Amino acid sequence: MGILSRASYVIRSKLNAVLNSAEDPNETLDYSYEQLRDELQDVKEGIADLTTQKKRLEIQKRRLEENVENHNEQARQAIEQDREDLARKALEKKKQKMSQIEELDSQIQQLQSQQEGLVEQKDQLQQRIEQFKTKKETMKARYEAAEASKRVNEAMTGAGDEMKDVGRAIERAEERTEKMEARSQAMDELQDEGVFEDALSDKDQLDRELEDIQSKGEVDAELDTLKAEMGKGDADETTDESADAEVATDDLEAELAGGNGEADVETPEVSDSEVESELEDLKEDE
C-alpha cells in the first residue's frame, strides 16, 4: 500500500468515525425511507413513460391497419375497373404497411414486457417500503426507549456528560467556598494578632494595648467611686481590717504580759509608740 493510499484510507476512516458519532439513527431511518419512496416514484414515472410509448405505437399500428384496409379496398376497386396496375400498387402499399405493423407489434410486445417487469418491480419495491416503514417505526421506538433509559441510568449513576459537568461545578463551588472561608479566617487571625494595622489610624499594637489598660483602669476607678457613693466596698473592707488589727494587738499584749511560764526570763518593756508602729506595719501589709 502506497503513501497516498494509506493517507486516503486514514482520512476515510477518520471521516467515517466522525460521521458515525454524529449520526442520528432516527434521521438516518427517515432519510432511507424517503429515499425508497423517491425510488418508488421514479419507478412509477418510468412505468408511465413506458406505457405512453407503448400507447403511441399502438395508435400508429391502428392507423397502419386502417391503411391496410384502405389499400385492400383500392385493390378491389382497381380489379373491378380492370386496372391491374393500380391494384398491384395498392397491394404493394398494403404489403409495406403490413411490414410496419409487424415491426410495431414487435416493439409493442417488447414495451409490454418491460412494462410488466417494471410493474412487478414497483409492487416488490412498494412491499419492501411498507416492510421498511414498519421496521423503521419499531427501530425508532426502540432507539428512543434505549436513549431515555440511558439518560436515566446516567443521571442515576452520574456517568453522563451533563452530570459530570454538574459534579465539576459542585467541586469548583466547594473549592471556592473553602478558599474564601480559609481566607476570611486567616484575615481574622492576622487582624487579631495586629499584623495588619488600621489603614485609618496611625496607632500601632502597643498604643492600642496601652489604651485598653487605661480604659480598664478608668472603668475600675469609676466602679470604686460608685461603691463609695453607695457606702459599700472599701468602707466594709476598712472596718474588717481595723478589727483584725485590734485582735492582733490584743494577742500581742497578752503574749508580752503573760510570758512563756518561765520565772528567770525577763520581759522587756515595750513602749506604746513601738506597738503603734508595728500595727501600722501590719495594716500596710494587709
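Values in this document were obtained by computation on a predicted structure and should not be read as measured data. All residue numbers refer to positions in the sequence shown, counting from 1.
Between atom CD of residue Q114 and atom CD of residue Q53 there is a gap of 10.5 Å, rounded to the nearest 0.5 Å. From L111, atom CG reaches atom NZ of K55 across 11.5 Å, with rounding to the nearest 0.5 Å. Between the CD1 atom of I79 and the CZ atom of R88 there is a distance of 9.0 Å, given to the nearest 0.5 Å. Between the CG atom of D105 and the CE atom of M98 there is a distance of 9.0 Å, given to the nearest 0.5 Å. The line from CZ of F132 to OG1 of T138 is 11.0 Å long, rounded to the nearest 0.5 Å. A distance of 14.0 Å separates CG in L104 from NZ in K54, rounded to the nearest 0.5 Å.
The pair D42-K44 does not count as a salt bridge, with every side-chain nitrogen at least 4.0 angstrom from each carboxylate oxygen. K140 has no carboxylate O lying under 4.0 Å from a charged side-chain N of E144, or vice versa, which leaves the two without a salt bridge. Electrostatic pairing of K133 and E130 does not count as a salt bridge here, judged by no charged N lying under 4.0 Å from a carboxylate O.
For the residue pair N67 / K93, no side-chain donor-acceptor distance below 3.5 Å is found, with atom types taken as modelled. Between the side chains of Q185 and E181, not a single donor N or O lies within less than 3.5 Å of an accepting N or O.
Between K97 and K94, every side-chain heavy-atom pair lies at or beyond the 4.5 Å cut-off. A 4.5 Å side-chain heavy-atom check between E65 and K61 finds at least one atom pair inside the cut-off.
Put simply, the side chain of S113 never gets that close to the backbone of Q109: no donor and acceptor are under 3.5 Å apart. Listed for the S184 side chain is no donor-acceptor partner under 3.5 Å among the backbone atoms of M180. The main-chain N or O of A221 is found under 3.5 Å from a side-chain atom of T225 such that the two form a donor-acceptor pair.
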Intermediate values then yes/no, salt bridge (charged side-chain N to carboxylate O under 4.0 Å, His left out), E80 and R76: CA-CA 6 Å; E80 289 176 354; R76 282 193 292 271; over 6 Å; no
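Taking D82 as the reference, nothing meets the side chain to side chain donor-acceptor pair (under 3.5 Å) condition, with sequence neighbours excluded.
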